[in-house]
Amino acid sequence: MTWLPVAAWADTYLLMAEEPGCYWCAKWNSEISHIYAKTDEGRAAPLKRYDLRVDTPDVDFTSKVRFTPTFILVQNGAEVGRIEGYPGEEFFWGLLKMMLDDASIVAPERS
């Protein structure tokens, strides 16, 4: 794997589509959200959130987002990967790692 220059990962983030009352969003929040930013994945793709029923993010999606939670890997304003639903902690980390690897995105070195 290659380390990306700062400019490349600066425009990379994980966009979480959520909505009030979403059981699986709440489950992700209780299991993952408090540690996400501290992980290599969280440094490679910082989390941004939006309400599926209210907000319209400025992202070139490959298809309409229909379910919550949906995690969209965004690079330079375009979707490069997606996880629909929350399959549990172990599956989430594995799927996220595969998405990041497929897009050749790695975390910046810790300072």
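Values below: all heavy atoms of this structure, side chains included; hydrogens, waters and symmetry mates excluded.
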Straight-line distance of Asp60 CG to Ile72 CD1, nearest 0.5 Å: 12.0 Å

Heavy-atom donor-acceptor pair, Glu79 side chain to Thr62 backbone, under 3.5 Å: yes

Phe67/Trp24 under ring-ring contact (aromatic ring centres under 6.0 Å, His included): CA gap, chis, key distance, verdict: CA-CA 10 Å; Phe67 307 102; Trp24 294 104; over 10 Å; no

Is Tyr23 reachable from Phe71 through a run of I, L, V, M, F, W or Y residues, each pair having side-chain heavy atoms under 4.5 Å apart? yes

Minimum heavy-atom distance Glu18-Cys25, with the two atoms named: CB-SG, 3.7 Å

Do you know the tightest heavy-atom contact between Glu19 and Arg53? OE1-NE, 2.9 Å

Roughly how far, to the nearest 0.5 Å, is the CG atom of Leu100 from the CG atom of Leu14? 8.0 Å

Close side-chain approach of Asp51 to Pro20, heavy-atom, < 4.5 Å: yes

Same cluster or not: Phe91 versus Leu47, using hydrophobic residues (I, L, V, M, F, W, Y) connected whenever any side-chain heavy atoms lie under 4.5 Å apart? no

Nearest 0.5 Å please: distance from the CG atom of Asp102 over to the NZ atom of Lys97. 10.0 Å

side-chain contact (heavy atoms from CB on, under 4.5 Å) for Val74 and Lys48? Distances and angles first, verdict last. CA-CA 10 Å; Val74 178; Lys48 294 185 181 184; over 6 Å; no

Can you name the nearest heavy-atom pair linking Val106 to Ala44, along with the distance? C-CB, 3.7 Å

Do the non-hydrogen side-chain atoms of Phe92 and Ile32 ever get within less than 4.5 Å of each other? yes

Once rounded to the nearest 0.5 Å, what's the spacing between atom CG of Leu73 and atom CD1 of Ile83? 8.5 Å

Got a second to check how far Thr12's OG1 is from Gln75's CD, nearest 0.5 Å? 4.0 Å

Shared hydrophobic cluster for Ile35 and Met16 (ILVMFWY, side-chain gaps under 4.5 Å): yes

Could you walk me through whether Val65 and Tyr50 satisfy the side-chain contact (heavy atoms from CB on, under 4.5 Å) test, starting with their C-alpha distance in whole Å, then the side-chain angles of each, then the deciding distance to 0.1 Å, before giving a yes or no? CA-CA 11 Å; Val65 178; Tyr50 82 100; 3.6 Å; yes

Residues Tyr86, Glu31; criterion side-chain contact (heavy atoms from CB on, under 4.5 Å); working and verdict: CA-CA 11 Å; Tyr86 176 60; Glu31 294 177 354; 2.5 Å; yes

Are Arg49 and Ser33 close enough, and set up right, to give a side-chain contact (heavy atoms from CB on, under 4.5 Å), and what steps lead you there? CA-CA 11 Å; Arg49 299 168 180 255; Ser33 68; 3.5 Å; yes

